[in-house]
Amino acid sequence: MERSFKQEIEALKLGDGEVFRGEGILAVTKALLQSGVSYVGGYQGAPVSHLVDVLVQAEEIIGALGVHLETCTNEASAAAMLGASINYPLRGAVTWKSIVGTNVAADALSNLASPGVIGGAMIIIGEDYGEGASVIQERSQAFAMKSSIWLLDPRPDLPTIVRTVEKGFELSEATHAPVMLELRIRACHVTGEFAAKDNRPGRHSRLNPIPAPPRFEYARLAHPPATFAQERMKVEQRLPAAQAFIRDNGLNEFFEGDLAEIGIIVQGGLYNSVQRALTRLGLGDLYGGTRAPLYVLNVAYPLIPSELISFCAGKRAVLVVEEGFPDYIEQMVNVELRRADLQTRVIGKGALPATGEYNSEALLSGLAAFLKDARPSGIDADAIAERARALTAHKLAAAAAAGELPPRPPTFCTGCPERPVFSAIKLMQREIGPAHISADIGCHSFATFAPFSLGNSILGYGMSLASAAAVGPNMERRPIAIMGDGGFWHNGVITGVASSLFNKGDGVLVVMQNGYTSATGLQYMPSSKTGRGGEAAGMDIEKTLRALGVKWIRKVRTYGVARMLATLKEAMRSAERGLKVIIADGECQLARQRRLRAEEAASLKAGGRVVRVRYGVDDEICSGDHSCIRLSGCPSLTVKPNPDPLRSDPVATVIESCVGCGLCGEVAHAAVLCPSFYRAEIIRNPSAFDRALHRLRRRVIGWLGGREKAAA
Ligand code: SF4
Ligand code: SF4
């Protein structure tokens with residue numbers, strides 16, 4: 001990581017009686033240290049990347065506690081780490097982005113949950129659901145339910161989040177089952193404070209190692225016939241034990257309200273949004289007061305029938321606020337109420353949308369619809385519905401007033417080394433026709449947006465080559481799979497490369513070697529030039545490919561568009577069958593700029609010579625057809641009014657944010673567009689030679705200018 005977490009690390013040192021202030025995800029990190037974990041692992045992904053990122057830089061603190069930290073190569077390896085808690089009284093936590101990460105980890109999770117654990121095992125998942133999400137819209141709850149993993153969903157409030165982490169470990173140990181801590185984007189970034197406790201070392205760690213493995217016990221293996229007994233244990237022992245623990249420790253919360261005929265059952269993570277909507281409708285206040293009684297499920301699975309029944313008894317209707325589909329909680333509530341023969345009406349999906357994030361508008365309209373349907377005495381449901389309509393109408397009115405806004409899709413950073421590869425692919429397609437493009441997860445998936453619009457499928461992280469396996473044999477042209485170096489090490493090397501070689505596949509794979517898992521915050525990976533603690537892990541993509549048996553490999557600097565174009569054409573046209581891999585080599589520009597800024601500042605301070613390269617467009621030559629923009633898409637390349645009064649087309653221009661990568665000039669050259677691009681060097685602290693050269697150039701330009709004047 002190039003970014004420093006110095007401030008966050010200080011917060012992790014707080015002890016008894018001190019006040020922690022900060023974000024939800026950092027509070028979880030502190031709570032882990034307060035809970036005495038022996039190990040932490042994870043695979044980066046929003047919104048939980050911070051957890052491992054901060055710990056990586058907090059080696060001193062976790063080292064003193066004896067905590068082992070593993071930056072895993074994928075979520076499956078993180079989940080498998082929890083195997084340490086099956087036999088030993090070791091508390092541990094792992095983290096990743098869900099749903100995608102949980103999909104990858106699913107095998108290890110099943111094999112963990114079946115035998116169960118002795119030490120507390122916690123899976124911290126960043127539930128990437130809703131408007132800001134970057135992955136498929138599915139719910140992690142399904143995994144918790146199918147594997148008998150208890151699902152914690154604390155309301156976004158720092159003391160509640162910290163208590164849930166601490167109690168979560170106790171719950172895991174009391175019931176011998178792993179627990180999941182579900183954190184939505186808002187819970188990760190909510191800010192607040194809580195009274196810190198001292199960090200404590202785990203029962204065993206590298207400071208106090210376990211002397212010997214346990215006595216061999218077949219029953220602790222997820223292997224038949226033990227698995228049959230384990231299935232019974234999950235249902236007959238662990239589930240009732242979990243329900244008793246959750247009830248006895250008051251993990252779920254009740255908030256009283258005077259509208260006793262109704263109630264709202266809400267997932268803990270959605271509590272803040274519901275409370276805010278109630279306040280805006282005049283049924284709550286900013287201090288947590290509510291007129292509608294609330295039952296807050298800080299544990300979303302399992303449900304506690306006795307709590308549910310006591311909450312619903314005597315009520316005419318309850319609203320279940322449960323984001324996403326399927327409506328697992330609503331179905332469970334219906335089943336438990338019918339079992340108890342309670343006739344309370346259950347309203348959920350219908351009043352509320354069946355899919356999508358429960359944002360402010362969805363909740364205002366949903367609550368209003370529920371109240372109109374249930375009509376509790378003591379309020380005017382029609383007036384509340386009108387208020388909800390008026391509150392949501394503002395947005396519609398604002399949208400109508402603003403008119404149609406141009407879409408702003410996400411795009412590569414300025415100067416990204418991956419952009420030139422897609423410029424080259426577009427140029428290649430112009431010559432040899434369109435090819436099937438298997439896209440992948442990572443920054444390079446931005447190429448699916450304009451101006452490139454390249455990508456026919458995305459099947460998962462590191463899956464691009466595998467997802468082209470059945471396309472290749474059925475297409476006239478070879479398919480092109482794009483994969484990042486992050487995806488390569490995550491699983492693409494086995495899932496894609498080994499499988500293609502094993503099956504004698506014939507396709508093209510472009511590996512974007514930018515040096516980091518950039519999209520998730522520039523974490524190091526096996527082939528990074530440096531790693532945790534400064535030293536590189538020493539793994540190399542090219543050597544790995546050769547060792548596996550790939551014969552056709554070309555390594556091309558990404559900014560060399562002409563060479564990349566020639567290499568792509570060679571790969572597509574080659575008579576040689578088999579996998580062809582192009583390693584597109586270019587360091588992530590975001591990481592490079594962070595490093596350069598610091599290096600340049602230090603050099604300037606010491607009076608050193610610093611050169612900044614900029615590109616520009618000559619207004620007089622630019623024809624205004626903008627094909628350079630269509631082939632590059634760089635945000636620093638834009639248009640401005642034509643300074644020539646006789647020409648109306650705007651001309652291309654390069655703005656201040658240009659980092660001088662040279663792509664626009666390269667593209668113009670490779671595509672034989674126009675000669676309007678020029679390269680300039682801005683030199684600070686110039687040398688004597690620079691000054692002399694500058695004087696000479698001015699003289700020559702002046703002489704040329706004078707000759708022109710004389711000729712005129
Ligand atoms: S983070 Fe790096 S790789 Fe990703 S778009 Fe930005 S420059 Fe490109
Ligand atoms: S040189 Fe061109 S492509 Fe590169 S950052 Fe500057 S404007 Fe963008």
Side-chain angles (χ1 to χ4, degrees), residues 8-20 22 24-42 48 50-52 54-72 78-79 81-95 112 116-125 149-150 152 154 158-181 183 194-211 213-214 241-242 245-246 249 251 298:
E8 286 86 346
I9 290 166
E10 286 306 306
L12 296 182
K13 294 179 184 165
L14 298 174
D16 263 343
E18 295 181 288
V19 178
F20 172 104
I25 189 64
L26 193 66
V28 171
T29 315
K30 172 74 173 118
L32 293 179
L33 302 182
Q34 293 182 178
S35 301
V37 289
S38 298
Y39 63 95
V40 178
V48 288
H50 247 49
L51 198 158
V52 174
V54 171
L55 287 181
V56 162
Q57 290 183 21
E59 293 273 7
E60 197 192 318
I61 305 175
I62 61 172
L65 292 166
V67 178
H68 170 73
L69 176 67
E70 190 114 342
T71 48
C72 302
M81 273 182 84
L82 294 172
S85 296
I86 294 177
N87 290 292
Y88 305 101
L90 297 175
R91 284 187 172 182
V94 295
T95 186
L112 169 79
V117 295
I118 295 173
M122 182 171 290
I123 304 137
I124 299 163
I125 52 171
I149 296 174
W150 318 136
L152 311 172
L158 262 51
T160 308
I161 291 174
V162 170
R163 179 170 187 263
T164 308
V165 171
E166 292 172 340
K167 284 286 170 193
F169 281 110
E170 291 178 29
L171 170 65
S172 175
E173 284 160 3
T175 61
H176 302 298
V179 296
M180 264 185 189
L181 179 78
L183 296 171
F194 68 91
K197 292 183 200 149
D198 287 339
N199 296 332
R200 62 185 173 100
R203 197 160 144 198
H204 289 284
S205 69
R206 62 171 67 132
L207 303 177
N208 175 26
I210 300 164
F245 184 97
I246 294 160
N249 286 273
L251 295 192
N298 292 322

Measuring from atom [atom1] of [X] to atom [atom2] of [Y], what distance do you get when rounded to the nearest 0.5 angstrom?
X: Ile25; Y: Leu51; atom1: CD1; atom2: CG; result: 4.5 Å
X: Glu8; Y: Lys30; atom1: CD; atom2: NZ; result: 14.5 Å
X: Gln34; Y: Leu65; atom1: CD; atom2: CG; result: 11.0 Å
X: Leu183; Y: Thr95; atom1: CG; atom2: OG1; result: 8.0 Å
X: Leu69; Y: Leu55; atom1: CG; atom2: CG; result: 5.5 Å
X: Arg91; Y: Arg200; atom1: CZ; atom2: CZ; result: 5.0 Å

Closest contact, heavy atoms only, [X] versus [Y]:
X: Leu12; Y: Ala58; value: CD1-CB, 4.2 Å
X: Ala177; Y: Trp150; value: CB-NE1, 3.4 Å
X: Ala31; Y: Val162; value: CB-CG1, 4.0 Å
X: Leu112; Y: Gly83; value: CD1-N, 4.2 Å
X: Val67; Y: Arg206; value: O-NH1, 4.2 Å
X: Ile118; Y: Tyr88; value: CB-O, 4.0 Å

Worksheet item: Just wondering, more than 12 heavy atoms not from Arg203 lying within 6.0 Å of its CZ?
Response: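 Open: at most 12 neighbouring heavy atoms sit under 6.0 Å from CZ of Arg203.
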So, the side chain of [X] versus the backbone of [Y]: is there a donor-acceptor pair under 3.5 Å, distance only?
X: Ser85; Y: Leu90; answer: yes
X: Ser35; Y: Val37; answer: no
X: His176; Y: Val117; answer: yes
X: Ser172; Y: Gly168; answer: no
X: Ser38; Y: His204; answer: yes

Worksheet item: Excluding sequence neighbours, so at least two apart, what forms salt bridge (charged side-chain N to carboxylate O under 4.0 Å, His left out) with Glu70?
Response: none
Worksheet entry | Partner residues of Glu18 under the salt bridge (charged side-chain N to carboxylate O under 4.0 Å, His left out) criterion, sequence neighbours left out | none
Worksheet item: Lys13 and Asn199: side-chain hydrogen bond (donor to acceptor under 3.5 Å, both in side chains), yes or no, with the steps?
Response: CA-CA 8 Å; Lys13 294 179 184 165; Asn199 296 332; over 6 Å; no
Item to complete: Output all residues satisfying ring-ring contact (aromatic ring centres under 6.0 Å, His included) with Phe169, sequence neighbours left out; order by chain, then residue number.
Response: none
Taking C-beta and beyond as the side chain, do [X] and [Y] meet within less than 4.5 Å on heavy atoms?
X: Val48; Y: Ile125; answer: no
X: Ser205; Y: Tyr39; answer: no
X: Phe194; Y: Ile161; answer: no
X: Thr29; Y: Val40; answer: no

Practice prompt. Quick one: do Val165 and Leu152 satisfy side-chain contact (heavy atoms from CB on, under 4.5 Å)? Show the steps, please.
Written response: CA-CA 9 Å; Val165 171; Leu152 311 172; over 6 Å; no
Practice prompt. Could you give me the CA-CA distance, side-chain angles and deciding distance for Thr164 and Leu251, then say whether side-chain contact (heavy atoms from CB on, under 4.5 Å) is met?
Written response: CA-CA 7 Å; Thr164 308; Leu251 295 192; over 6 Å; no
Item to complete: Could you go through the side-chain contact (heavy atoms from CB on, under 4.5 Å) check for Leu32 and Ile124 one step at a time?
Response: CA-CA 11 Å; Leu32 293 179; Ile124 299 163; 4.0 Å; yes
Discussion item. Using a strict threshold of under 4.0 Å (side-chain N to carboxylate O), is an ion pair present between Lys167 and Glu170?
Written reply: yes
